[in-house]
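Read through the structure below, which is laid out as structure tokens, and then see the notes.
Note that this is a predicted model, so its numbers are computed, not measured. As a basis for the values below, the full set of heavy atoms in this structure was taken, side chains included, without hydrogen atoms, waters or symmetry mates. Along the sequence shown, residues carry numbers from 1.
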Amino acid sequence: MRYILKRYHPEIGNWGEPVEPEVNDGVHCHHVRYRGIVITPIENENSPNYKKEIFDDGSPYDFDYLRWFVSCLKDKDTASKLTSILCQNPTVFMELDFVKSDNEYVHLPCDDVDSPDNVVYPTIKDLVDASITYRIKQQKDDGRWTQGWAMGEDEGVRKLQILYDAYFTMKMLAKFGRFGRIDF
């Protein structure tokens, strides 16, 4: 959380770049890279704290950072206000056509809402539960889960993908356990 909080700019209510420039020097996915510091101020709409860019032009990662931030707030009144903002449009970056996750990099509802304790879970419970059922059916014959898309073709990235598949499988199993969908 300290890492994320260091990147938050309270004077404008937005985060700066979430990764360090050195990420670009190593093996990395094309979507996780340092892009330079771009700080965009909040535009007010629907509430004094609503950030239109996050819902209209942002990314699922912006939404996740805000969701993680809200979950860590000690001021429950502020957390409640921010949660209501996040719940205004929580599926904006979630793919609701689950089949697309078979071959594309998309976020299903259960990918962003990874626990019943997640602040937006009550708002989209049925979608999360349905996407968990879909993810369970995506298990490969060898027992693993994959992300459904290739990170790249060079040898370093293929090795990274094998490691990521192991991580992704463990992540899925842990998530299914949190939702009571499997027994350990």
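Residues Gln138 and Ser101 form a side-chain contact, since some pair of their non-hydrogen atoms from C-beta on lies under 4.5 Å apart. Here the side chains of Thr133 and Arg181 are in contact, with some heavy-atom distance below 4.5 Å. Between Val113 and Met94 there is a side-chain heavy-atom pair separated by less than 4.5 Å. Under the 4.5 Å side-chain criterion, counting only non-hydrogen atoms from C-beta, Asn89 is in contact with Val92. Looking at heavy atoms from C-beta onward, Val119 lies in side-chain contact with Ser71 at the 4.5 angstrom threshold. Residues Gln147 and Gln161 are in side-chain contact: their nearest non-hydrogen atoms beyond the backbone lie under 4.5 Å apart. Inter-residue side-chain proximity for Pro116 and Phe179 is flagged as met; some heavy-atom pair is nearer than 4.5 Å. A heavy-atom distance below 4.5 Å is found between the side chains of Tyr134 and Val99.
The CG atom of Leu163 sits 13.5 Å away from atom CZ of Arg158, with the distance rounded to the nearest 0.5 Å. Summarising the geometry, atom NZ belonging to Lys76 is positioned 7.5 Å from atom CG belonging to Leu73; distances are rounded to the nearest 0.5 Å. We find the CZ-CG distance between Arg178 and Asn118 to be 10.0 Å, quoted to the nearest 0.5 Å. Rounding to the nearest 0.5 Å places OG1 of Thr91 at 14.0 Å from NE2 of His107. Here CG of Asp129 is found 10.0 Å from CD1 of Ile124. Values are rounded to the nearest 0.5 Å. The CD atom of Gln139 sits 11.0 Å away from atom OG1 of Thr146, with the distance rounded to the nearest 0.5 Å.
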- Message: Please determine whether ring-ring contact (aromatic ring centres under 6.0 Å, His included) holds for the pair Tyr167 and Trp145, giving the CA-CA distance in whole Å, both sets of side-chain angles, and the decisive distance to 0.1 Å.
- Response: CA-CA 9 Å; Tyr167 161 77; Trp145 277 267; over 10 Å; no

- Message: Does Phe168 form a side chain to side chain contact (heavy atoms under 4.5 Å, CB included) with Leu173? I'd like the steps, not just the answer.
- Response: CA-CA 9 Å; Phe168 194 70; Leu173 292 172; over 6 Å; no

- Message: Does Leu86 form a side chain to side chain contact (heavy atoms under 4.5 Å, CB included) with Leu82? I'd like the steps, not just the answer.
- Response: CA-CA 6 Å; Leu86 291 174; Leu82 295 176; 5.6 Å; no

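Side-chain N or O atoms of Glu104 include none that pairs as donor or acceptor with a backbone N or O of Val106 at under 3.5 Å. Side chain of Arg135 to main chain of Ala130: no donor-acceptor pair is present (N/O by atom type, distance under 3.5 Å, no hydrogens or angles).
Between Asp77 and Lys81 a salt bridge is recorded (basic side-chain N to carboxylate O distance below 4.0 Å). Note on Asp111 versus Lys175: salt bridge recorded, some NZ/NE/NH1/NH2 to OD/OE distance being below 4.0 Å. With salt bridges taken as basic N to acidic carboxylate O contacts below 4.0 Å, one links Arg144 and Asp142.
Within 6.0 Å of atom CD in Glu22, more than 12 heavy atoms from other residues, nucleotides or ligands are found, so the atom counts as buried in its surroundings.
Linking Ile, Leu, Val, Met, Phe, Trp and Tyr residues whenever their side-chain heavy atoms come within less than 4.5 Å leaves Phe98 and Phe176 in two separate clusters. The hydrophobic clustering, which links ILVMFWY residues whose side-chain heavy atoms are closer than 4.5 Å, places Met172 and Tyr121 together.
For Cys87 against Val120, the heavy-atom pair with the smallest separation is SG-CG1, 3.7 Å.
Screening Leu108, Asp126, Leu96 for a side chain to side chain contact (heavy atoms under 4.5 Å, CB included) involving Ser131 leaves a single residue, Leu108.
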